[in-house]
Amino acid sequence: MAEHRSGQWYSGTDRNAYIHRAWMRRGLSAHAFDGRPHIAIANTASDLTPCNAHLNEVAESVKQGVYEAGGIPLNLPVVSLGETLVRPTAMLWRNMAAMAIEEMLRANPIDGVVLLGGCDKTIPALLMAAASVDLPAVVIPGGPMLNGTFRGRTLGCGTDVWRLSEEVRAGTLSEAEFLQSESSMIRSRGHCNTMGTASTMGLLAEALGMVLPGLAGTPAADSRLLERSHETGRLAVEMVAARRTPSSLLTRGSFLNAIVALAAIGGSTNAVVHLLAIAGRIGVGLTQDDFDATGSGVPLLVDLQPSGRFLMEDFFRAGGLHAVLREVRDLLDPSALTVTGKPLVEHLGDGEIWDREVIRPRAEPLQTHAGIAVLHGNLAPDGAVIKPAAASPHLLHHRGRAVVFDSIEDMHARIDDPGLDVDADSVLVMRGCGPRGYPGMPEVANMPLPAKLLRQGVRDMVRICDGRMSGTAYGTVVLHVSPEAAAGGPLALVRTGDFVILDVAARRLDIDIPADELAARSPDEATVSAYAKPRRGWERLYVETVQQANTGADLDFLVGSSGDTVSRESH
Ligand code: FES
């Protein structure tokens with residue numbers, strides 16, 4: 001049998017092998033170095049990532065599985081990102097986490113890795129890292145929290161925060177009532193329980209083939225999560241023996257399967273930038289337009305918040321991902337493999353819908369055409385995205401007068417100004433929120449509606465931004481406009497009063513002014529001065545090297561893979 005990678009540290013009788021073994025002998029016996037596979041557990045558990053705080057318990061179950069299968073499990077705490085806490089936005093740190101995790105996987109004596117994630121950016125960062133190292137790798141999504149409840153009503157975290165806070169601004173809910181709901185919303189361990197980014201990316205990791213089939217979507221508090229984590233530990237040992245690496249699993253077909261799943265579950269728009277970034281690491285030619293071409297004809301089958309009614313606990317009870325994928329099985333690439341070595345489609349036999357309110361059969365979809373629409377036009381030459389399922393149907397074809405904000409701060413300062421010249425037909429435009437301009441592409445595209453319009457009963461308007469939108473948010477929001485304003489995109493040239501045309505059916509987003517007039521414009525000084533200009537550290541590196549949203553917003557020098565090559569010895 002070929003020696004494992006870790007043998008390059010531990011095999012032999014020389015001084016270096018002695019050092020490597022001796023320092024690890026704190027509970028490990030000589031058997032640990034007799035050629036068994038060493039499995040890292042890349043663990044994003046952190047008290048400051050509350051959605052992932054339970055992953056240490058998950059790691060213990062993985063360890064037992066690894067031991068049982070004859071491997072050596074090794075806990076590897078890695079950079080973690082708490083979506084609700086880290087500033088200025090967790091997306092600024094996704095690439096940093098991916099880079100740090102990649103380097104630590106490559107630098108250490110390991111043969112395979114179990115990736116423990118949950119909160120929004122953690123699974124994307126783990127998958128980007130694993131793709132660039134290409135060691136056998138399997139993901140355990142930490143799972144959603146249980147349904148929140150307040151005064152007999154179910155509360156979905158995230159989505160209901162937006163909804164309730166808008167009610168306070170509209171004067172239909174008191175501040176005291178709003179604050180009372182705070183302790184009821186987060187009812188258990190786990191990540192957000194709507195079909196937000198965390199739920200979406202956990203499910204898509206399985207649709208990609210990178211999760212033990214049937215695990216994704218298991219609530220964090222459900223004992224089956226630990227049982228399947230134990231099984232995943234065993235599987236990781238098997239994967240090392242079979243040399244089942246990300247590059248042997250992740251094909252274009254795998255990503256197209258994930259896009260089909262994204263549409264059928266009504267997943268987060270954030271999945272677009274994350275899947276593009278992962279594909280870039282593994283060398284799969286995926287484009288933003290693939291999301292429209294493959295996903296827009298897929299029916300929406302899942303009735304979950306933010307645009308629907310139910311939550312992830314209901315989704316799991318109703319049959320989960322396999323029940324959904326079985327309905328669209330004919331749209332899936334039958335050759336795309338999973339961590340088990342078998343195709344994804346071969347694992348769908350157990351998929352059954354147990355609650356047709358939560359998961360609809362193919363013949364009775366919530367919408368016949370779901371997914372992400374990719375728009376082009378003179379306002380977004382490299383594309384922009386909109387999630388029609390979360391938008392208001394009457395606004396999907398709209399011509400309105402732009403009200404332009406140069407930054408989040410500018411928007412907050414003026415949005416509720418009674419003197420703001422805005423009406424329900426206006427189009428709210430915000431720039432300076434892209435990867436480079438903010439920096440980090442925050443989730444602000446679903447900007448709040450002007451208070452005076454809320455009081456008139458307006459609940460949605462067309463909004464356009466070069467930033468992202470929270471997966472738990474909803475509305476007629478055009479986001480990821482590329483190139484962003486700070487990268488020279490025409491979004492920087494729009495002026496308050498210009499007419500903007502959104503035509504989702506035609507996939508167009510345009511400023512309604514003559515081309516020569518647009519070409520003659522240059523950005524205002526106020527617009528340019530709002531862009532970030534970091535002087536040092538990660539932010540400077542990020543701003544100087546980050547790519548645009550339409551290719552995944554990875555750093556230019558991180559695209560691709562360096563493999564699992566063992567570096568030279570320093571002792
Ligand atoms: Fe962690 Fe929503 S805040 S998943």
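On a predicted model such as this, the values are computed, not experimentally measured, just so you know. Values below: every heavy atom of this structure, side chains too, minus hydrogens, waters and symmetry copies. Just so you know, ligand 1 is whichever comes first in the structure, and atom 1 is the first atom listed for that ligand.
Expressed to the nearest 0.5 Å, how far CD of Glu231 lies from CG of Leu226 amounts to 12.0 Å.
No donor-acceptor distance shorter than 3.5 angstrom exists from the side chain of Arg189 to the backbone of Cys51, with no hydrogens or angles considered.
Exactly one residue among Arg106, Glu103, Arg281 makes a side-chain hydrogen bond (donor to acceptor under 3.5 Å, both in side chains) with Ser132. That residue is Arg281. Considering Thr122, Ile123, Leu225, Leu116 in turn, Ile123 is the only one that fulfils the side chain to side chain contact (heavy atoms under 4.5 Å, CB included) rule with Pro141.
A salt bridge is absent between Glu313 and Arg317: the closest approach of a Lys/Arg side-chain nitrogen to an acidic carboxylate oxygen does not fall below 4.0 angstrom. Using a 4.0 Å cut-off between charged side-chain N and carboxylate O, Arg431 and Glu484 make no salt bridge.
Nearby protein atoms of type N, O or S around atom 1 (Fe) of ligand 1 amount to 2 (distance under 2.8 Å).
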